[in-house]
Peer 1: 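Pasting a structure below so you can have a look.
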Amino acid sequence: EETFYQDVMERESMALTSAGQCVAIPHGVSEAVIRPGIAIGRLVKKIRWTADETLPEDEQYAEVLIMFAVHPGEEKKENGIYLRMLKHVFGRLGEPEAIKRLIEAKSAEEIRKLFQ
């Protein structure tokens with residue numbers, strides 16, 4: 001767990017992972033990942049995700065975190081699980097009302113259904 005956490009923090013220091021509209025998508029590319037996966041967390045209150053005030057406000061704060069856990073060997077595979085997960089999640093987030101439904105979801109099941 002500690003190795004994965006450190007790898008996520010290192011990646012966060014390299015590039016902004018805000019997706020806008022109060023969604024952040026941190027990436028955990030780590031040797032510690034045994035099986036690729038996605039974790040979604042909706043925060044009770046928005047948090048400041050970046051201090052870069054040149055960005056629009058909705059890109060500075062996060063209310064929803066979607067974290068990818070990926071082994072480094074998967075990261076660059078052309079049709080690997082990592083790229084398929086990214087395409088799926090971003091495809092859903094690009095749908096009208098998807099972010100609103102994600103933020104307003106009352107249960108984990110509602111969030112799960114949004115990404116099926």
Side-chain angles (χ1 to χ4, degrees):
E1 289 176 27
E2 183 62 29
T3 299
F4 178 71
Y5 174 78
Q6 291 303 323
D7 291 339
V8 170
M9 297 309 291
E10 182 179 330
R11 180 116 178 183
E12 280 297 303
S13 71
M14 289 190 269
L16 180 67
T17 60
S18 171
Q21 300 182 53
C22 292
V23 175
I25 305 180
H27 294 58
V29 178
S30 175
E31 292 285 341
V33 174
I34 297 167
R35 187 178 73 204
I38 301 172
I40 301 172
R42 196 186 75 224
L43 307 175
V44 174
K45 184 178 175 183
K46 292 179 193 177
I47 61 170
R48 184 129 202 193
W49 195 253
T50 179
D52 186 348
E53 294 186 11
T54 64
L55 296 170
E57 188 169 328
D58 77 330
E59 291 183 30
Q60 293 179 41
Y61 289 84
E63 190 168 357
V64 175
L65 305 177
I66 303 173
M67 178 180 286
F68 291 87
V70 181
H71 189 274
E74 279 292 322
E75 186 179 20
K76 295 189 183 347
K77 285 185 180 176
E78 191 170 315
N79 197 28
I81 187 70
Y82 175 61
L83 288 180
R84 291 194 318 261
M85 288 188 313
L86 277 175
K87 287 177 186 177
H88 183 73
V89 168
F90 277 102
R92 292 287 192 220
L93 293 177
E95 295 173 8
E97 298 291 313
I99 304 235
K100 181 180 179 199
R101 288 177 36 217
L102 182 58
I103 290 171
E104 293 175 355
K106 302 285 188 232
S107 69
E109 186 60 30
E110 284 183 52
I111 292 171
R112 196 174 298 114
K113 285 181 181 179
L114 182 63
F115 288 98
Q116 287 181 337

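Note that this is a predicted model, so its numbers are computed, not measured.
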Peer 1: Check Arg35 with Glu74, please: is the shortest side-chain N to carboxylate O separation under 4.0 Å?
Peer 2: no
Peer 1: Applying side chain to side chain donor-acceptor pair (under 3.5 Å) as the test, list every pair that has at least one member in residues 100-110; sequence neighbours left out.
Peer 2: Glu109-Arg112
Peer 1: With side chain to side chain donor-acceptor pair (under 3.5 Å) as the test, would you mind laying out the steps for Gln60 and Ser18 before giving the verdict?
Peer 2: CA-CA 7 Å; Gln60 293 179 41; Ser18 171; over 6 Å; no
Peer 1: Val70 and Ile40: same hydrophobic cluster, using ILVMFWY side-chain contacts below 4.5 Å?
Peer 2: yes
Peer 1: What residues, two or more places apart in sequence or in another chain, satisfy side chain to side chain contact (heavy atoms under 4.5 Å, CB included) together with Leu43?
Peer 2: Ile47, Leu65
Peer 1: Working to the nearest 0.5 Å, report the span between CG of Leu83 and NZ of Lys77.
Peer 2: 11.0 Å
Peer 1: Find the distance between CD (Glu12) and CH2 (Trp49) and round it off to the nearest 0.5 Å.
Peer 2: 5.0 Å
Peer 1: Checking Gln6 against Glu10: is there a side-chain donor and acceptor pair closer than 3.5 Å?
Peer 2: no
Peer 1: In Å and rounded to the nearest 0.5 Å, what is the CD to CG distance from Glu95 to Leu102?
Peer 2: 12.0 Å
Peer 1: From Ile38 CD1 over to Ile81 CD1, what is the distance, rounded to the nearest 0.5 angstrom?
Peer 2: 8.0 Å
Peer 1: Would you check, one step at a time, whether the test side-chain contact (heavy atoms from CB on, under 4.5 Å) holds for Leu93 with Ile66?
Peer 2: CA-CA 11 Å; Leu93 293 177; Ile66 303 173; 4.0 Å; yes
Peer 1: Taking a hydrophobic cluster as the set of Ile, Leu, Val, Met, Phe, Trp and Tyr residues connected by side-chain heavy atoms closer than 4.5 Å, whether directly or through intermediates, do Leu55 and Val64 fall within one such cluster?
Peer 2: no
Peer 1: Distance-only criterion, 3.5 Å: show the donor-acceptor pairs between side-chain atoms of residues 19-34 and protein atoms not counting sequence neighbours.
Peer 2:
unit_1	atom_1	unit_2	atom_2	d
His27	ND1	Ile25	O	2.8
His27	NE2	Tyr82	OH	3.2
Ser30	OG	Asp7	OD2	2.5
Ser30	OG	Ala32	N	3.0
Glu31	OE1	His71	NE2	3.2

Peer 1: How close do Ala98 and Leu114 get, heavy atom to heavy atom, and via which atoms?
Peer 2: O-CD2, 3.6 Å
Peer 1: Report whether Met85 and Val8 are members of the same hydrophobic cluster (ILVMFWY, side-chain heavy atoms less than 4.5 Å apart, transitive linking).
Peer 2: no
Peer 1: Report yes or no: do Ile103 and Val89 belong to one cluster of Ile/Leu/Val/Met/Phe/Trp/Tyr joined by side chain heavy-atom distances under 4.5 Å?
Peer 2: yes
